[in-house]
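All residue numbers in this chain count up from 1 along the given sequence. When a ligand or atom number is given, it counts from 1 through the structure's own listing order.
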Amino acid sequence: MLNKIMENVNVDAIFITDMYNLRYFTGFTGTTGVALATKNGNFFFSDFRYKEQGAKQVEPNGFQFVEVGRNSLDKVKEKIDELGIKKLGFEDLNVTFSYYKKLEELFAVSMYPLGDSLVKQRLVKKDHEIENIKKAIEISDMAFSETLKIVKVGITEKEIAAHLEYIQRKLGAENRSFDTIVASGYRSALPHGVASDKKVGMNELVTTDFGAYYNGYVSDMTRTFFVGDEISDKQKEIYDIVLEANKMAIKQVKAGMKCSDLDKVARDYIASKGYGDNFGHGLGHGIGLEIHEAPTVSPAGDIILEENMLITIEPGIYIDGFSGVRIEDDVIVKKDGCVVLNKSNKELIMIK
Ligand SMILES: [Mn+2]
């Protein structure tokens, strides 16, 4: 894969610094390291802390572990000189300006910005990646159904979040895949309402958006449920519209479809019901090692879906000061459709 990129963009080597790309291409799961892929061998550089783990992880992926001291880039520079590298691809979307200046000065080679060409290799998931994501989703599904049991009027959003996260960890997750969102009542109009001290009140919609890491891969799901016994017509109306938008979009997903066209399916439907201005974010995004990765499923999404890409479908309606609804599933793109990986019920759940 890396050789192909070298050929395509005509560079002698690729310098990898992004932690997710390092994990993907070298297998390294630690926090400190850089890699140099060349036409004459691949090298991974890290310090003594990762000597054993690093070597074990990167060698099966074709990288040689190189232990570095305090100035880790000196060893990279040695390799660059030794192999006569003249043109080096680097991750311009990942490095800071000052780090770039440092590399340019030290390496003294022509630096070529790779843009998103490494990330794009991660679009179509491999079998082991799909397995890990499925497991992460299964964990989140189970955490959701367990957590519903403790929800009642008066519980705080933070308590709900704590349950979701605790159960995910108990079921084998390494961590939550992002800050758990629990937004109740008027707060559910905040698309990213991280759990607060607010107590769930009577007759409120509650949106929970959360996920788990499993073997480095994420899940990402959202459900909105109702607490109380008297749902208003408007609460029910927006729930039904969002649910229908979610189902309509899922029906349309298939290989060959442009992401912006998929977004349009849900967006046009929500607009036709008069809530176009209340759906202010994209329909979805890719998931994998990162919680938000390519492709972007939005009006600007120009990537064409391919089999085994993994995306979220998460339409929403948000009405300031009133309430909001979002329903999110993770789906895997197939040749003639898609498979929804979440098993959680998405018909309106009413908790008394
Ligand atoms: Mn999402």
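Taking the centre of each ring, Phe107 and Phe15 come in below the 6.0 Å mark.
In Glu328, the N, O or S atom that comes nearest to the Mn ion (ligand 1) is OE2. Considering just the N/O/S atoms of Asp220, the one nearest the Mn ion (ligand 1) carries the name OD2.
Under 2.8 Å from the Mn ion (ligand 1) lies no N/O/S atom of Asp209, from backbone or side chain alike.
Ionic pairing of Lys170 and Glu146 is not present here: no N-O contact between side-chain nitrogen and carboxylate oxygen is shorter than 4.0 angstrom. Salt bridge status for Glu290 with Arg122: present, with a side-chain N to carboxylate O gap under 4.0 Å.
No chain of hydrophobic side-chain contacts below 4.5 Å, direct or via other Ile, Leu, Val, Met, Phe, Trp or Tyr residues, connects Ile160 to Val325.
At the Mn ion (ligand 1), the angle from OE2 in Glu314 to NE2 in His285 is 80° when rounded to 10°.
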